[in-house]
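Encoded as structure tokens, the structure appears first; notes follow it.
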Amino acid sequence: MWQLADKTLNSRLLIGSALYPSPQLMLDAIRASGAEVVTVSVRRQDPQQKGGQDFWSLLSTLNLQVLPNTAGCHSVKEAVTTAQMTREIFGTHWIKLEVIGDEYNLQPDPFGLVEAARELVAQGFEVFPYCTDDLVVCEKLVEAGCRIIMPWGAPIGTGRGLMNPYALKTLRERLPEITLVVDAGLGAPSHAAQAMELGYDAVLLNTAIANANHPLTMAQGFMHGVQAGRLAYEAGLMAQRDIASPSTPVVGTPFWHQEGL
């Protein structure tokens, strides 16, 4: 059990709802993942349109916590307006805040992100900002009132895993009281396990499951990867060494194995 904003959850895997080959496969994969929080994009799937209504009807059958996002927004005004719309539609004050600054790698605009976060926090939103692993930007987001920070592992949809573990580790050390969720760029369950081993509270992903050859099996793989990584962190990883150290002690070695005998 752990706390995400005002919700108590069991699963530390947050999952997206886009890119699946079919709506039914999306539902089945989300169920298989064990996730209790699902992200949705209003800009890409308008619930007021016929196709959008069908999508929301299917998604509602999962009975999960919805985390609307501002995907596709490139300005503070766009992001704030979209967030306000999602609050009216879903009746939730949660918002995954995205303010994209570059189309090539979909890197967040740090200046717009902090400004939008400050404005939305003032309006009563629980802001989940999607950002890079830059320590100063994350500190500014905390100063703006964010209790949850979501740094990327790698650019969205690349599947490259944790490009900068050192930076992510630094964030965990410098922001011990903040809920940290690695968001974007994960491609394999081992990537999720690595993030959890660093002490992150959760991971959020979409493409790695939706684009897998077998999404249901991959969803289960990520579920177990997250669990394994968290258990390893709680157990305490052994210290790395530069030289070998025998796992079997010399004391008690039979006399005929001892040197000179």
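This is a predicted model, so every value here is computed, not measured. Side-chain atoms are counted along with the backbone in the values below, which use heavy atoms only and exclude waters and symmetry mates.
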In Å, rounded to the nearest 0.5 Å, how long is the span from CZ of Arg118 to SG of Cys146?
9.5 Å
Among Thr170, Val182, Leu168, exactly one meets side-chain contact (heavy atoms from CB on, under 4.5 Å) together with Asp133. Which residue is that?
Leu168
Check the pair Leu162 / Leu198 against side chain to side chain contact (heavy atoms under 4.5 Å, CB included), numbers first and verdict last.
CA-CA 11 Å; Leu162 307 187; Leu198 292 175; 4.0 Å; yes
Which atom names give the shortest non-hydrogen contact between Ile209 and Tyr20, and what distance separates them?
CG2-OH, 3.6 Å
Kindly determine whether Arg174 and Glu139 satisfy salt bridge (Lys or Arg N to Asp or Glu O under 4.0 Å), including the steps that lead there.
CA-CA 9 Å; Arg174 295 291 298 276; Glu139 288 176 331; 3.4 Å; yes
Compare all side-chain heavy atoms of Ser75 with those of Val99 and state whether any distance is below 4.5 angstrom.
no
Starting from Val136 and following side-chain heavy-atom contacts under 4.5 Å between hydrophobic residues (I, L, V, M, F, W, Y), which residues can be reached?
none
Can you tell me if Asn206 uses its side chain to pair, donor with acceptor, with the backbone of Ala18 under 3.5 Å?
yes
Rounded to the nearest 0.5 Å, how far does CD of Glu115 lie from NZ of Lys77?
12.5 Å
Can you give me every donor-acceptor pair (side chain of residues 184-193, partner residue at least two apart or in another chain, under 3.5 Å) with its distance?
residue, atom, partner, partner atom, Å
His191, ND1, Gly187, N, 2.9
His191, ND1, Ala188, N, 3.1

Thr158 side chain to Ala154 backbone, donor-acceptor under 3.5 Å
no
Please identify which of these residues, Cys73, Pro68, Ser41, meets the side-chain contact (heavy atoms from CB on, under 4.5 Å) condition with Thr82.
Cys73
May I ask whether Leu171 and Leu204 are part of the same hydrophobic cluster, defined by side-chain heavy atoms of I, L, V, M, F, W, Y residues being less than 4.5 angstrom apart, directly or through others?
no
Could you tell me whether the side chain of Glu126 reaches within less than 4.5 Å of the side chain of Arg147, counting heavy atoms only?
yes
Does atom CG of Asn63 have more than 12 heavy-atom neighbours from other groups under 6.0 Å away?
no
Is there a donor-acceptor pair closer than 3.5 Å between any side-chain N or O of Thr86 and the backbone N or O of Ala83?
yes
With the side chain counted from C-beta on, respond yes when Asp201 and Ile148 share a heavy-atom pair under 4.5 Å apart, and no when they do not.
no
Under 4.5 Å between side-chain heavy atoms, counting indirect links through other Ile/Leu/Val/Met/Phe/Trp/Tyr residues: same cluster for Leu4 and Val66 or not?
no
Tell me whether Val127 shares a hydrophobic cluster with Val181, the cluster being built from Ile, Leu, Val, Met, Phe, Trp, Tyr side chains joined at under 4.5 Å.
no
Would Asp183 and Val203 count as a side chain to side chain contact (heavy atoms under 4.5 Å, CB included) if you check the C-alpha gap in whole Å, the side-chain angles of each, and the deciding distance to 0.1 Å?
CA-CA 6 Å; Asp183 176 16; Val203 299; over 6 Å; no
Donor-acceptor contact present, side-chain Gln220 to main-chain Ser33, <3.5 Å:
no
Polar side-chain atom of Arg172 near backbone of Gly199 as donor-acceptor pair, under 3.5 Å:
yes
Taken to the nearest 0.5 Å, the spacing of Leu13 CG from Gln227 CD works out to 9.5 Å
Does any non-hydrogen side-chain atom of Pro110 lie less than 4.5 Å from one of Asp134?
no
Show the numbers, then the answer: is there a side chain to side chain contact (heavy atoms under 4.5 Å, CB included) between Val38 and Gln65?
CA-CA 6 Å; Val38 59; Gln65 171 67 44; over 6 Å; no
Answer yes or no: is there a side-chain heavy-atom contact under 4.5 Å between Leu9 and Val37?
yes
Hey, is the main chain of Gly72 close enough, under 3.5 Å, to the side chain of His74 for a donor-acceptor pair?
yes
Can you name the nearest heavy-atom pair linking Gln194 to Pro165, along with the distance?
NE2-CG, 3.8 Å
With hydrophobic residues grouped by side-chain heavy-atom distances under 4.5 Å, do Leu14 and Phe90 end up in a single group?
no
Would Arg230 and Glu197 pass as an ion pair if we require N to O under 4.0 Å?
no
Short question: side chain of Thr70, backbone of Leu97 - any donor-acceptor pair under 3.5 Å?
no
With a 4.5 Å cut-off on side-chain heavy atoms, are Leu113 and Leu141 touching?
yes
May I ask you to decide if Ser11's main-chain N or O and Trp2's side chain share a donor-acceptor pair within less than 3.5 Å?
yes
Give a yes or no on whether Ile15 and Val226 share a hydrophobic cluster (residues Ile, Leu, Val, Met, Phe, Trp, Tyr; joining criterion: side-chain heavy atoms under 4.5 Å apart).
yes
Any Pro151 side-chain heavy atom under 4.5 Å of Tyr200 side chain:
yes
For the residue pair His93 / Gln123, report whether a side-chain donor-acceptor contact shorter than 3.5 Å exists.
no
If you measure only the distance, is there a donor-acceptor pair under 3.5 Å linking the side chains of Gln3 and Thr8?
yes
Please say whether more than 12 non-hydrogen atoms of neighbouring residues, nucleotides or ligands are located less than 6.0 Å from CZ in Arg31.
yes
Do Ile95 and Asn69 come within less than 4.5 Å of each other through their side chains, counting heavy atoms only?
no
Give the intermediate values and the outcome of side chain to side chain contact (heavy atoms under 4.5 Å, CB included) for residues Val142 and Ile178.
CA-CA 8 Å; Val142 172; Ile178 298 299; 3.9 Å; yes
The criterion is ring pair (Phe, Tyr, Trp, His ring centres under 6.0 Å); which residues satisfy it with Trp94, sequence neighbours excluded?
Phe128
